[in-house]
Amino acid sequence: MAQGERETEILKAAREEIKKLREEGIEPYAYKYERTHYIKDIHEKYKNIKIDELIEEDVSIAGRLMSIRRHGKASFANISDISGTIQLYIKKNEVGDEAYALFKRLNVGDIIGVRGYIFKTKTGELTIFVKSLKLLSKAIRPLPEKWHGLRDVETRYRKRYLDLIVNPRTKEIFILRSKLIHYMRTYLNENGFLEVETPILQPLYGGAMAKPFKTYHNALDMEMYLRIAPELYLKRLIVGGLEKVYEINKNFRNEGISIRHNPEFTMMELYEAYNDYIGMMKFTEEMIFYIFDKLNLGPEITYQGEKLDFSLPWKRMTFIEAIEEYSGYKVSKMSDKELISLVDKLGLEIVGELTKFKVLKELFETYVEDNLIQPTFIMDYPTEISPLAKKKRDNPDFTERFELFIAGQEVGNAYSELNDPQDQLERFIRQQEEKKKGDMEAHEIDYDYIEALEYGMPPTAGLGIGIDRLVMIATDSPSIREVILFPHLRREKEKDIEDDIKE
RNA sequence: GGGCCGUUAGCUCAGCUGGUAGAGCACCGGACUUUUAAUCCGGGUGUCACAGGUUCGAAUCCUGUACGGCUCACCA
């Protein structure tokens with residue numbers, strides 16, 4: 001979009017001001033400012049002082065001017081740093097003519113440092129009584145409106161910095177996201193897990209069913225893929241004896257974008273030798289319970305108007321039980337023929353070869369998922385749709401696998417890991433057949449991984465947690481874009497800013 | 001990719017069945033030494049997303065395009 005005249009005018013005037021400041025010996029882009037406090041610390045330390053009481057202790061803070069109320073020879077303003085907002089009181093005969101003159105030239109959006117005393121105004125607001133101030137960075141563009149903030153969703157995502165400046169909730173969400181990951185790491189580290197990094201650029205992709213992003217390495221002269229999952233590398237580390245490993249990083253899937261999907265998303269995957277999926281289920285609920293507790297989210301969370309109860313233990317039901325409960329079809333009592341006949345009857349769409357297990361999968365997705373509001377472990381998925389999971393001890397048609405659902409979304413996926421190299425090879429081969437029949441997302445055969453298994457992988461349980469989705473639930477966010485700092489959007493039209501720079 | 005909806009000043013939004021583009025905030029000038037969406041006086045904002053079409057006349061009606069939102073499909 002072409003730049004409006006108003007915008008050009010604002011920028012031109014601001015650049016004039018920058019020039020004038022420099023001529024007067026005031027550097028509009030300072031190098032450093034020593035601060036003694038975060039704003040939050042001041043609120044905590046002095047919240048109980050009396051009205052009109054003046055604390056004659058020097059404090060210095062720095063931040064962005066968010067509002068200004070001028071009253072002739074004295075002014076009020078609000079300044080924000082990462083921790084919070086505090087009011088400033090600037091009096092001409094206190095800061096001196098020169099500093100007051102500078103203050104009068106400042107605008108909302110400018111970044112300043114101030115030093116002063118603390119007092120409480122007659123309305124009871126904790127305030128910095130400014131003794132001196134320094135301009136740290138001059139803003140030459142106006143901030144979005146102070147009262148309504150920035151509402152336009154597209155601008156909020158494209159210019160996340162503005163969203164962070166003016167919408168306090170956005171800042172809270174991303175601070176919480178960071179803490180959530182921090183507590184997850186803490187929990188894993190304290191439980192003896194080793195954080196590792198495995199390739200994001202992979203010669204073969206695997207560990208999930210998805211379409212990859214393709215790229216090319218010039219020096220090696222080979223095609224590579226951005227990983228869709230780290231699984232096969234992490235399990236090689238289990239073969240190598242690292243026993244308890246995890247990785248928190250991005251996965252990439254070349255698929256549709258939606259309220260629940262971003263092409264790159266953050267996943268935590270962990271593997272624990274000598275455990276199985278039953279043990280992992282307990283570990284999973286305890287870890288998330290711990291994290292939410294540390295975030296002061298309590299066992300009950302409201303997500304999009306629904307009360308979610310995270311009290312332990314969480315509900316467990318098998319894949320088949322869930323289908324029977326929510327679809328009403330007693331699939332365990334139906335013959336293969338009867339099951340397959342449901343496809344036409346219900347208008348289900350099946351990719352690749354039509355089998356009863358795929359019908360079950362469709363029934364699950366159609367009837368069950370949306371109903372799994374409370375945290376629920378769904379156990380024992382069909383072997384056919386779980387090519388990396390170990391078969392159930394008593395029924396080879398199903399695997400020792402669970403998925404965790406919260407608020408109708410899949411948040412976690414775990415197995416007793418398949419460590420029989422012969423079985424794994426057969427499953428890969430079966431995947432290849434699927435691929436030939438039209439399932440583009442079926443696994444490639446990773447012979448190197450098979451070889452690793454041939455050296456012996458201990459019995460192992462693995463778990464993947466979708467971090468973005470967990471953060472959505474923790475922050476009551478309806479869209480994954482609200483919890484990803486820079487969600488992917490189409491490229492904006494080229495903006496002609498050249499004239500502007502030449503000014 | 002399909003369907004529905006949206007795009008007006010830096011920001012938040014009005015603009016009715018077609019008749020010369022509006023407000024608040026922000027900004028600039030002035031008054032004001034305890035305000036807090038400060039107040040008061042004065043100032044002017046624009047390729048109405050873009051390109052066509054219909055019309056005496058289009059922000060408004062029609063078509064196409066771009067971008068976005070929701071949704072369906074695919075998926076986590």
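Each chain gets a letter, A, B and so on, in the order the sequences are listed, and its residues count up from 1.
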Trainee: Using a 4.0 Å heavy-atom cut-off, does Met267(A) contact any base of the nucleic acid, only the sugar-phosphate backbone, or nothing at all?
Mentor: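 Nothing, no heavy atom under 4.0 Å.
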Trainee: Would you indicate what Asn262(A) reaches in the nucleic acid, counting non-hydrogen atoms under 4.0 angstrom: base, sugar-phosphate, or nothing?
Mentor: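 Base, at least one base heavy atom under 4.0 Å.
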Trainee: What's the CD1-P distance between Ile378(A) and A76(B), to the nearest Å?
Mentor: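 It is 16 Å, rounded to the nearest whole Å.
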Trainee: Would you mind writing out the side-chain donor-acceptor pairs for residues 404-411 of chain A within the sub-3.5 Å range, not counting sequence neighbours?
Mentor:
{"unit_1": "Gln409(A)", "atom_1": "OE1", "unit_2": "Arg469(A)", "atom_2": "NE", "d": "3.3"}

Trainee: Classify the nucleic acid contact of Leu162(A) as base, sugar-phosphate or nothing, counting any heavy atom under 4.0 Å across all strands shown.
Mentor: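 The residue Leu162(A) makes no contact with any strand.
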Trainee: Considering every strand and a 4.0 Å limit on heavy-atom distances, what is the contact class for Ile259(A): base, sugar-phosphate, or nothing?
Mentor: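 Sugar-phosphate, no base atom in range.
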Trainee: Can you check whether Arg141(A) has a side-chain N or O nearer than 4.0 Å to OP1 or OP2 of C11(B)?
Mentor: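 For C11(B), OP1/OP2 do not have a side-chain N/O of Arg141(A) under 4.0 Å.
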Trainee: Salt bridge (charged side-chain N to carboxylate O under 4.0 Å, His left out): which pairs involve residues 116-128 of chain A, sequence neighbours left out?
Mentor: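 Every pair satisfying salt bridge (charged side-chain N to carboxylate O under 4.0 Å, His left out) with a residue in residues 116-128 of chain A: there are none.
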Trainee: Looking at Lys146(A), I'd like to know whether one of its side-chain N or O atoms comes within less than 4.0 Å of OP1 or OP2 on A26(B).
Mentor: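 For A26(B), OP1 or OP2 has a side-chain N or O of Lys146(A) closer than 4.0 Å.
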Trainee: Between atom CZ in Arg491(A) and atom P in G68(B), what is the gap in whole Å?
Mentor: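 Distance, rounded to whole Å: 13 Å.
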Trainee: Establish, with yes or no, whether the OP1 or OP2 oxygen of G68(B) is under 4.0 angstrom from a side-chain nitrogen or oxygen of Arg490(A).
Mentor: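 Yes, within the criterion.
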Trainee: On RNA chain B, does the nearest nucleotide to Gly149(A) precede the nearest nucleotide to Ile480(A) from the 5' side, or the other way round? Give the residue.
Mentor: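 So the residue in question is Gly149(A).
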Trainee: Who passes side-chain hydrogen bond (donor to acceptor under 3.5 Å, both in side chains) against Tyr326(A), sequence neighbours left out?
Mentor: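 Residues passing side-chain hydrogen bond (donor to acceptor under 3.5 Å, both in side chains) with Tyr326(A): none at all.
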Trainee: List the protein contact pattern of nucleotides 29-34 of chain B with one symbol per nucleotide (5' to 3'): B for base contact, S for sugar-phosphate-only contact, - for none; contact means a heavy-atom distance under 4.0 Å.
Mentor: ---BBB
Trainee: In whole Å, I'd like the distance from the CD1 atom of Ile165(A) to the C1' atom of U12(B).
Mentor: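 From Ile165(A) CD1 to U12(B) C1': 17 Å.
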Trainee: Checking all strands, does Gln87(A) fall into the base, sugar-phosphate, or nothing category for heavy-atom contacts under 4.0 angstrom?
Mentor: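 Answer is base: heavy atoms of Gln87(A) come under 4.0 Å of a base.
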Trainee: Between Ala208(A) and Leu150(A), which residue's closest nucleotide on RNA chain B lies nearer the 5′ terminus?
Mentor: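 Closest to the 5' end, via its nearest nucleotide, is Leu150(A).
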Trainee: Given the side-chain rings of Tyr277(A) and Phe377(A), with only the six-membered ring counted for Trp, is the space between their centroids under 6.0 Å?
Mentor: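 Between Tyr277(A) and Phe377(A), the centre distance exceeds or equals 6.0 Å.
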Trainee: By side-chain hydrogen bond (donor to acceptor under 3.5 Å, both in side chains), which residues pair with Ser258(A), not counting sequence neighbours?
Mentor: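 Testing Ser258(A) for side-chain hydrogen bond (donor to acceptor under 3.5 Å, both in side chains), a comparison that skips the adjacent residues, returns His261(A).
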Trainee: Report which part of the nucleic acid Arg105(A) touches: base, sugar-phosphate, or nothing (heavy-atom distance under 4.0 Å, all strands).
Mentor: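 It contacts nothing in the nucleic acid.
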Trainee: Distance check needed: A76(B) P versus Leu372(A) CG, whole Å only.
Mentor: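 Whole-Å distance recorded here is 15 Å.
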Trainee: Applying side-chain hydrogen bond (donor to acceptor under 3.5 Å, both in side chains), name anything that partners Glu24(A), two or more places apart in sequence or on another chain.
Mentor: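 Checked Glu24(A) against side-chain hydrogen bond (donor to acceptor under 3.5 Å, both in side chains); matches are Arg105(A).
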Trainee: Are OP1 or OP2 of A76(B) and a side-chain N or O of Asn251(A) less than 4.0 angstrom apart?
Mentor: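 So the side-chain polar atoms of Asn251(A) never come under 4.0 Å of the phosphate oxygens OP1 or OP2 of A76(B).
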Trainee: Rounded to the nearest 0.5 Å, how far does CD of Glu145(A) lie from CG of Leu150(A)?
Mentor: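 One finds 10.5 Å between CG of Leu150(A) and CD of Glu145(A).
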Trainee: May I ask you to evaluate whether Arg481(A) reaches the phosphate of G69(B), defined as a side-chain N or O under 4.0 Å from OP1 or OP2?
Mentor: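 Yes, Arg481(A) has a side-chain N/O under 4.0 Å of OP1/OP2 on G69(B).
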Trainee: With respect to Glu482(A), which candidate in Arg177(A), Arg169(A), Arg260(A), Arg156(A) satisfies the salt bridge (charged side-chain N to carboxylate O under 4.0 Å, His left out) definition?
Mentor: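 It is Arg156(A); the other options fail the test.
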Trainee: Closer than 4.0 Å, any side-chain N/O of Asn78(A) to the OP1 or OP2 of A37(B)?
Mentor: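 For Asn78(A), the contact criterion (side-chain N or O under 4.0 Å from OP1 or OP2 of A37(B)) is not met.
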Trainee: Return the value, rounded to whole Å, for the distance between atom NE2 of His488(A) and atom C1' of C67(B).
Mentor: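 Distance, rounded to whole Å: 17 Å.
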Trainee: Does Arg69(A) place a side-chain N or O at less than 4.0 Å from the phosphate oxygens OP1/OP2 of A38(B)?
Mentor: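 Yes.
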Trainee: Would you classify Asn413(A) as touching base, sugar-phosphate or nothing, given that sugar-phosphate means primed atoms plus P, OP1 and OP2, and contacts are heavy atoms under 4.0 Å?
Mentor: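 Nothing, no nucleic acid heavy atom in range.
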Trainee: Taking the side chain of Ile10(A) as its heavy atoms from C-beta onward, which of G10(B), C70(B), A76(B) lies nearest to it?
Mentor: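 Of all the options, the side chain of Ile10(A) is nearest to G10(B).
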